[in-house]
Amino acid sequence: MSQFFNFEEEEPKIYQLWLKRNVGSLKSSSKDPFVLTMPPPNANGELHLGHVFGYVTMDILGRFYRAKGLPTLLLPGKDHAGIQTQVVYEKKLKAEGIDPATLAREELYKKCSEFCLDRAGYMRAQEQSIGITADWDKEFFTLDERLNRTVYETFIQMWNDGLIYKGLRIVNWSVFSQTAISDVEVEYQEQKGSLWFIRYKGVTISRKPIKKSEFNLQKTSSDAMFIEGQKLPIGDLLEINGANYCVFSHEISDPLVTRDGTVLVPFFGFDLITATTRPETLLGDTALAVHPADPRYKELVGKKVRVPLLGYEIPIIATKKVDPLFGTGIVKVTPAHDFLDYEIGEEAGLEMRQVIDKFGKMTELAGPYAGLSVNEARKKVIENLGEDLVNTKTITHKVPISERGKDVIEPQLSEQWWLRVDKPELNLKERALKLLRDGKIKIYPENFTDQVIKWFENLKDWNISRQLWWGHQIPIWTKGAEIKASIDSPGADWVQETDTFDTWFSSGQWPYTTVSAAGLFDLKTTSPYFPTHTMVMGRDILFFWACRMILFAAYRFNDVPFKNLYFHGLIRDEKGQKMSKSKGNGIEPKEMLKKYGADALRLGMIVGTSPGIDLKFSAKKIEGYSKFTNKLWNASKLIELKFGLEAVKPTEIKLESSKWILDKTARVFTEVSERLSSYAIPQAADLAYDFVWFTYCDWYLEMMKVMANEPESKYVTAVTFKAVLLMLHPFIPFITEAIYLKLPFLKDKETLAEESWEFNFNSDGSTNIERVIDIITAIRQVKAGIGAPYSPMNISVDNLSIEEKALVEGIARVTVLDQINDPLKKPYKGGEVLCEVKNKAVYKEFLVKELNETILRVNSCEAKLSSDFSKRADPKLVEEERTKLSQLKASIDLLQVEIRGIG
RNA sequence: GGGUGCUUAGCUCAGUUGGCUAGAGCAUCAGCCUUACAAGCUGGGGGUCGUAGGUUCGAGCCCUACAGCACCCACCA
């Protein structure tokens, strides 16, 4: 047999066997099923490590529950990923020399479908290569005909419930993608930019400042200043050290100002000056706004000013939405191109002056600037402002960027379809919140629950329409002024809305569209398959997806879509940075597979992670775990070598080593089960790893070598090793399966994947093996200390049974005699080992060191016992501490005698 | 501005309800190819558990404050 497991050759064969055995297929049973709808990856690329991270977690759960006898369904799928796929696909077409604009919508759609289908197949193969036991017969695509009906049905139901409306509202507009995108798809990028201070002429503030140069000003965190202890009338203008200030009231500066005293805010002059980072939007201004209590501008509310360059008049209005401490405390209001301004505009009934069109060009309303791009207009406006541009400040600010296209977002008025989330009679927000607050979903890690709740509390109406062709065309039909929601065309003259759904409108329904399309849930009566058992996803799509799924299930069933929600972290490189193609720090799963195999990859992704916490990942880590799979492979070789034949179950377990390993294995097996049940997946893997290597291989298999001729030992090795394979199988399915298949005496089923999760052994747990281990370790220390780890040595220890004697002799490579001459005494916990050492002097310094350490421990032990510890702690602990102390003292006596003896 | 997470060995991280000498992998030092495994084995070195307080017989763990890092949400006119 080969020294190494040939994963490259064997893994695909094993996966084919699982497929043949229908391991991943849902089996019927009376037990409650384990259903997990897998997050569909975007069918426009290939699997990356983030996917692997999630899928491995899901497959571990799936294999575990399947082995426990639950009908298990890991339901796979692929996402059409609306805007992202459209961007990718159009880029691909352009690269092939085809202009997407020349193709008809149907044609594009068809070609794009084929493209996705092709990618989906490729990605499916990748999922299989990492061992995912999904039920492939139930794989769906988010644009799948079998799901679409349910998606449309939901929309139509919402329409009938009055939750859908069309409205001209401000949206995040992506010029590059020519579509609106949702809030969550907007990213902010830090950029250097300018803050321009612009004067609006028309009215002038008539008050005169009082000169006060003797004040000593203290700056606060905001733009406010303090004069401590001074009482000055609010609204007074002061000139201090050459700059103008206005005395501010406390009420409106709260909570920005934290100290008592007179607060001053800078006063920027006697004309109205406002600051902006987007000066071109002044062409669309329809008001200036100030805070109603701002003493600087209170008297001006209701008056009018002229917009620079265009010269039309706009009113000065008051709204609490203005922060008086930012900039000059005056906001230019452009309702058509800014979210806050839109709100102010709606509140005050202002005109919406659209000066930027959907191509990012200035409209006719921009007068002489019409036709220019936003950037050109900005430049020209600045040039033309002349002395009305009173100041320019360089600042770093955050610019909204499209998450998919990476282009700058221009807020824009646009006709869109909206889902109302707070209709009083059917309040989706409240429904979802109630389910969450009632704890209907257990979220891992727990503290994410608050984040989800907060998101729902702040939820606003959702723009569900996109101006794309790749997606579900909204099932709204119009004929003149008539409008209807219907899946199929209501008749010849009806025209369908061209917008498509936001991709999350369909993927948000994933759990029930798929489970119902798989024939497990009729969407009306209750089903054990819905709500699903568990959902696993990366924390980055919490708001995108998890919340949307909760919203939809709340709407359709007033229930949750899943009972458990597990978030895994994101994969980062060794330095903690996001992996990306542009940075070149990404790790390709397929490279790792080729180099280390699926098992090492799986284990490396799981151990040392925590729910919701990002994972710094490196190829080195996988390499480390590939050593473990190799270790296991070699353990199987040893067992195979020592056995060959089937072991017979003995009537009674007699050997101490057998009882010991049976007991240990049973405990660990139970603990691994408990950890998996409570989603402590990394901890389960860690425990299994630790046990297998450091207990099973390092100790038990060494004992087994000594006991190999005992029939009982063969049996015990067989059952415990099978338990080892079982508990490792969810994490490293391939190699455990390969071992199972080659060791006939383990087999009860065709494959390990079909075995049941079971291992029991009842015992009182008492054995002397721990003592044997201590003795062997003590001997090894002596041997290492004298620099002769492999030379034979005579030793003597009290009270060794025949078995124990054999174990000590076999493993420590010594001869145990009843009596030896002039021994070196080495203490171990609870006793001493007599070793026949000719040249003890070499060993002396080791003994001295040990003595010193032991003295320190005795001191701390005594200190502990003489404190209140002995009175207040658990008596059992105190007793243990006393035992420890007496053992340590015995060791000290021994060591001192020995050291003196050596001289 | 609001929130969350992290800070433990040179590096990457475990450490489940407070309780044996705080662990692992990688790296490092010494020795060993001992017939399952050198991708290994044996033995060792290396840590004031971010800082400062507090609760407790006892704190890496609980509480308070602070610092640094990372991320999320909102705002940035």
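Residue numbers begin at 1 in each chain, while the letters A, B, ... track the order of the sequences.
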Arg602(A) side chain to Tyr625(A) side chain, donor-acceptor N/O pair below 3.5 angstrom: no
Please state whether the phosphate of G3(B), meaning OP1 or OP2, lies under 4.0 angstrom from any side-chain nitrogen or oxygen of Trp455(A). no
For U48(B) versus G60(B), give the span between their C1' atoms, rounded off to a whole number of Å. 12 Å
Hey, are Tyr444(A) and Ser678(A) close enough side-chain-wise for a donor-acceptor pair under 3.5 Å? no
Whole-Å P distance, U16(B) and C63(B): 14 Å
Rounding to the closest angstrom, what is the interatomic distance between G50(B) and G10(B) at atom P? 13 Å
Under-4.0 Å side-chain N/O to phosphate OP1/OP2 contact, Lys705(A) with A36(B): yes
Below 4.0 Å: OP1/OP2 of G58(B) and any side-chain N or O of Ser867(A): no
Check the side chains of Thr720(A) and Tyr696(A) for a donor-acceptor pair under 3.5 angstrom, ignoring hydrogens and angles. yes
Between C71(B) (P) and Asp450(A) (CG): distance, integer Å: 22 Å
Nearest-Å distance once atom P is located in both A36(B) and U42(B): 14 Å
N or O in side chain of Lys884(A) less than 4.0 angstrom from U21(B) OP1/OP2: yes
Distance, P atom - from G45(B) to C6(B), rounded to whole angstrom: 32 Å
Would you indicate, yes or no, if C41(B) has its OP1 or OP2 atom less than 4.0 angstrom from a side-chain nitrogen or oxygen of Lys631(A)? yes
Respond yes when some side-chain nitrogen or oxygen of Lys321(A) is under 4.0 Å from OP1 or OP2 of A77(B), and no when none is. no
To the nearest 0.5 Å, atom CG of Asp599(A) lies from atom OG1 of Thr736(A) at 6.5 Å
Between C32(B) and G46(B), how far apart are the C1' atoms? Round to whole Å, please. 23 Å
Looking at Gln781(A), does any N or O in its side chain come under 4.0 Å of the phosphate oxygens OP1/OP2 on U42(B)? no
When rounded to the nearest Å, what value does the distance between C1' atoms of G43(B) and G58(B) take? 33 Å
Does Lys849(A) place a side-chain N or O at less than 4.0 Å from the phosphate oxygens OP1/OP2 of G45(B)? yes
Base U21(B) to side chain Arg857(A), donor-acceptor N/O within 3.5 Å cut-off: yes
Testing C57(B), A77(B), C37(B) for proximity to the side chain of Lys332(A), the answer is A77(B)
Can you tell me, in whole Å, how much space there is between the C1' of U17(B) and that of C13(B)? 23 Å
